[in-house]
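Before any comments, here is the structure.
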Amino acid sequence: MIFNSLSFLVFLPTVFMLYWFVFHKSLQNRNILLLLASYVFYGWWDYRFLSLIFASTLVDYFVALALPKAETQKRRRLLLFVSLAFNLGLLALFKYYNFFIESWVEAWSLLGIHMQVSTLYIILPVGISFYTFQTLSYTIDVYRQKLEPTSRFIEFAAYVAFFPQLVAGPIERASHLLPQFRVLHQFDYQLAKSGLSLIVWGLFKKMVVADNCSYFVNEIFSAPYGFSLSELWLGAILFGFQIYGDFSGYSDIAIGVARLFGFRLMTNFKFPYFSRDIAEFWRRWHISLSTWFRDYLYIPLGGSRGNKWQQVRNTFIVFLVSGFWHGANWTFIIWGGIHACLFLPLLLLNKNRRYVGNQQLTFHNFFPVVFTFAMVTLAWVFFRADSLAIAIRYVGHMFYNSNYDLSFFMKSPKIILLGTIVAFATVMMLAFEFWAYRKQRVEVRLSTPAKIAVVLLIVFMGVYKNPSTFIYFQF
Amino acid sequence: MKAFLKYIGFIVLVTALLATLISISSLRALRNASFYKPSFLANQVSETNFDYIVLGSSVGLTSLNTNRIDSILGTKGLNLSMDDTGMSTHYLMLEHFLKEGKSTRYCILAPGLASLENKKAGFSNNDYRFLMYVQRDYVYDYYKNNPEANNATNVLFLSKWVPFLGVGYYNTELFFPSLNAAIHPEQRNRFDARGNYGYPKKGDSLDGKEEIHTAISFQHPYLDKIETLCKNNNIRLIYYLSPIYKQTLSYEKPNFPLIDHTQFFKEAGNFYDRIHVNSEGREKVSLQFAEEFKKIKKENQLD
């Protein structure tokens with residue numbers, strides 16, 4: 001089930017009513033309701049893959065329960081290994097198996113040895129990377145004795161499968177979300193109202209900004225060689241807005257929906273396109289993943305301790321793994337590598353934390369913001385392109401191309417109209433977010449008239465025929 | 001909780017009200033304008049009696065120039081073809097034409113090959129162009145009882161009561177054009193005062209295209225309906241197959257006159273793309289059509 005669907009429009013009010021009016025007296029019943037609702041939400045896409053979530057939940061539940069009882073460190077490590085092997089094994093099988101096989105065969109073929117190894121036809125279960133990381137964080141935290149394991153299975157299962165953020169995050173830590181399943185929430189009017197605001201804003205970003213951008217992006221990226229320099233730049237910039245509108249829109253809706261049920265999810269985006277350098281960009285983009293990698297990979301590797309060489313190594317590992325997390329394709333790994341390279345000068349000059357806690361944009365920040373956006377845009381080409389060869393040629397044509405015209409964007413009255421909608425929606429999104437940024441907020445707040453106006457814009461400017469699914473579902 | 005439900009109710013109500021008002025105004029603007037063929041027929045075509053009308057898809061629209069045919073035969077014709085439509089839309093257009101109180105002696109049916117290959121009763125991509133008439137029974141019934149029920153048909157028939165469903169769903173096709181239609185009601189969506197449109201001379205390259213053979217049949221649920229409607233209104237039906245580059249057809253002859261121009265041109269120079277003639281091809285094929293139409297008319301002893 002996706003947020004911008006008719007089925008969700010029926011599902012959400014139904015669960016909301018049941019939660020607040022029927023199951024309002026018992027915490028256990030509420031958690032059962034949320035668990036069932038979450039399974040229905042996920043099973044709507046493909047019920048067979050519910051078994052994976054359930055298996056993951058079972059393994060981590062029992063491993064975490066066994067951890068405090070383990071008498072030796074060896075046994076504790078073994079238990080952690082079981083959880084890691086099971087969860088990452090599933091991820092490897094469903095997401096990376098074919099990639100490894102194909103890369104293996106290609107590597108040998110470079111040496112002149114041609115192997116015949118068959119790949120498998122595997123459907124990637126929606127959201128597997130998200131819930132795997134969420135459930136892993138629980139086991140690791142219990143292993144590190146930062147968290148007490150829960151003995152309530154329903155509570156834990158509801159935490160793993162919590163439907164607002166199940167398929168595309170934010171990736172919640174057990175220490176933050178799990179305790180919220182132990183509270184019989186009382187309805188909080190202001191929290192619910194802010195949630196509604198986020199839902200409306202998220203739908204606008206997804207249905208008006210991202211989905212309208214997708215037409216141009218799909219056309220340009222499907223055959224980039226026929227386009228001019230200006231069109232290729234615009235294609236990359238529009239993809240930047242598409243993925244931002246799509247993914248941050250999803251996060252906004254997820255956080256908003258959770259608030260309707262009294263839950264507070266972590267902020268996942270803090271207006272990343274106003275970042276003044278790459279380090280700041282990564283403190284504002286997909287925060288739940290960046291902090292996950294920081295806590296469970298970067299810091300265990302040594303983090304910023306040790307000499308510069310070790311810091312550089314750790315940074316590269318995190319960025320490359322983060323790229324690989326996004327998808328089983330070299331394009332994602334290179335995308336991660338580009339970000340590591342962009343981060344490197346800041347790290348070496350000790351300037352990677354210069355904007356921490358500073359959300360004051362001044363006129364002098366204009367060029368750093370534009371430069372950072374340009375760098376991020378170039379990297380997005382690798383993220384979006386179907387193959388490395390296409391991405392390299394695409395970037396090449398962005399600089400070496402004598403054709404500057406914009407004829408593709410003027411092809412027909414309908415394309416001009418679509419372009420106007422995209423321009424209007426993007427400027428509006430940036431203006432609202434800039435306003436919130438200047439007010440030192442981490443999210444857009446809409447007044448009642450603004451909510452009504454934005455809903456009207458969604459009705460009359462949204463994409464309804466062949467809407468694109470959320471991009472991050474594939475991860 | 002009560003306050004929140006009231007708040008949500010208020011937002012939903014006000015939004016629905018405003019969206020409905022905007023949509024009604026939007027459909028009204030389109031109904032009073034001539035942007036799409038259905039309202040063009042109602043607002044800009046003052047004559048009521050025609051010698052012939054052309055019903056069809058983009059191939060009918062771009063192959064037969066009624067201005068040229070009328071200049072040769074001294075007839076009065078109207079091209080009601082719309083691009084990206086199928087047999088079901090041709091039926092709806094004929095019904096709309098008759099309900100507008102107009103009549104014709106001949107109906108030239110010029111569908112795309114897809115309509116004759118594909119036996120699905122059909123719903124076409126451009127059927128939303130009748131939405132401004134959804135309050136009329138025949139348009140509502142067409143959407144409601146369409147055998148290919150899908151999201152689009154549901155949205156369209158429900159628009160009778162909730163107009164923002166259709167106007168929102170087809171926002172780039174209905175809402176935004178309606179803004180223009182409100183200011184320039186006389187503006188037409190790429191067709192002339194007789195409903196004609198021609199492609200420019202240059203289009204897709206046809207180099208290397210190979211001969212294609214297709215088996216078609218003149219059997220279609222909506223074709224039966226068109227025949228019945230014509231019969232009940234004393235309209236003679238003529239089937240027209242437009243030129244297609246390197247295309248051969250096999251079919252059983254239909255039980256009404258047929259003008260087959262599929263292989264009229266061998267040269268790519270007469271085509272805009274594989275299935276549409278260009279301005280030069282249109283001129284030649286319209287002349288040839290006029291000749292053959294004249295013969296049919298004589299055979300029918302209507303002149």
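Since the structure is predicted, the reported quantities are computational estimates derived from the model, not experimental observations. Chain naming here is simple, since letters A, B, ... match the order of the sequence lines and numbering starts at 1 in each.
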Exercise for the section: With a 4.5 angstrom heavy-atom cut-off, could you sort out which part of A/Met207 is near chain B: side chain, backbone, both or neither? Expected result: neither
Handout entry: Lys/Arg-Asp/Glu bridge criterion (N-O < 4.0 Å) met for B/Asp83, B/Arg129
Key = yes
Practice task
Would you mind checking which part of A/Leu260 comes under 4.5 Å of any heavy atom in chain B, side chain (CB onward), backbone (N, CA, C, O), both or neither?
Solution key: side chain
Completion exercise
So, the part of B/Phe175 with a heavy atom under 4.5 Å from chain A: the answer is side chain
Practice task
State whether A/Trp201 and A/Arg445 meet the cation-pi test: NZ (Lys) or CZ (Arg) under 6.0 Å from the six-membered ring centroid, and within 45° of the perpendicular axis.
Solution key: no
Exercise for the section: Go through the atoms of A/Lys414 and report whether side chain, backbone, both or neither lie under 4.5 Å from a heavy atom of chain B. Expected result: side chain
Problem - Contacting region of B/Tyr170 [heavy-atom separation from chain A under 4.5 Å] - result: both
Practice task
Using a strict cut-off of less than 4.0 Å between a Lys/Arg side-chain nitrogen and an Asp/Glu carboxylate oxygen, indicate whether A/Glu443 and A/Arg259 qualify as a salt bridge.
Solution key: yes
Practice task
Run the numbers on B/Phe191 and B/Asn79 for side-chain contact (heavy atoms from CB on, under 4.5 Å), then give the verdict.
Solution key: CA-CA 9 Å; B/Phe191 52 86; B/Asn79 196 330; over 6 Å; no
Practice task
Kindly state whether the ring of A/Phe204 and the ring of A/Phe432 have centres lying under 6.0 angstrom apart.
Solution key: no
Problem - Toward chain A, the part of B/Phe4 with a non-hydrogen atom under 4.5 Å - result: both
Exercise for the section: For residues A/Phe263 and A/Phe181, establish whether the separation of their ring centroids is below 6.0 Å. Expected result: yes
Exercise for the section: Measure distances from A/Ile421 to the heavy atoms of chain B and classify the residue's part below 4.5 Å as side chain, backbone, both or neither. Expected result: side chain
Completion exercise
Residue from B/Leu174, B/Leu18, B/Thr172 scoring the most non-hydrogen pairs under 4.5 Å with chain A is B/Thr172
Handout entry: Centroid-centroid under 6.0 Å between A/Phe408 and A/Phe227 rings
Key = yes
Completion exercise
Bottom line for A/Leu196: the part with an atom under 4.5 Å from chain B's heavy atoms is side chain
Handout entry: Most chain A-contacting option - heavy-atom pairs closer than 4.5 Å, from B/Asn151, B/Val14, B/Thr15, B/Ile11
Key = B/Thr15
Handout entry: Part of B/Leu5 lying under 4.5 Å from any heavy atom of chain A
Key = side chain
Problem - Separation of A/Asn31 CG from A/Tyr19 OH (nearest 0.5 Å) - result: 7.5 Å
